[in-house]
Amino acid sequence: MEDEVEDVKSKITPEKARKMLKEEGMEVTLEEAKEILHFLKKLANIAVLKYLKNEKDSRLICTGKH
């Protein structure tokens, strides 16, 4: 799964993330911004996979006509 996260092209660069965080009053280094983006990508990937798994499981339960 980590390889999948690394392959995703981000529209938000570490520089852009750093600038966005600074506008909100949070000072971070470029390396910290890079780590934050990496964490958020992992978190988003986990959330999507969990959602898709739940959708698949609920389809298996609801096999009757509605």
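What you see below is based on every heavy atom in this structure, not just the backbone, and it leaves out hydrogens, waters and symmetry mates.
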Run the side-chain donor-acceptor check on residues 16-28: report pairs under 3.5 Å with partners two or more places apart or on a different chain.
from	atom 1	to	atom 2	distance (Å)
R18	NE	V28	O	2.8

Item to check | Rounded distance (nearest 0.5 Å) linking atom CG of N45 with atom CG of L40 | outcome: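 Rounded to the nearest 0.5 Å, the CG-CG separation comes out at 12.5 Å.
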
Checklist entry - Just how far is it from atom CD1 of I12 to atom NZ of K41, taken to the nearest 0.5 Å? => result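 Output value for this atom pair is 9.0 Å.
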
Checklist entry - Do K50 and N54 come within less than 4.5 Å of each other through their side chains, counting heavy atoms only? => result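 In short, these two side chains touch, coming nearer than 4.5 Å.
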
Checklist entry - What residues, two or more places apart in sequence or in another chain, satisfy side-chain hydrogen bond (donor to acceptor under 3.5 Å, both in side chains) together with E35? => result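 Testing E35 for side-chain hydrogen bond (donor to acceptor under 3.5 Å, both in side chains), a comparison that skips the adjacent residues, returns none.
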
Next on the checklist: Checking K53 now: which residues fulfil side-chain hydrogen bond (donor to acceptor under 3.5 Å, both in side chains) with it, not counting sequence neighbours?
Outcome noted: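 By the side-chain hydrogen bond (donor to acceptor under 3.5 Å, both in side chains) rule, K53 matches D57.
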
Item to check | Single-linkage hydrophobic cluster L30~I36, side-chain heavy atoms < 4.5 angstrom | outcome: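 L30 and I36: separate clusters.
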
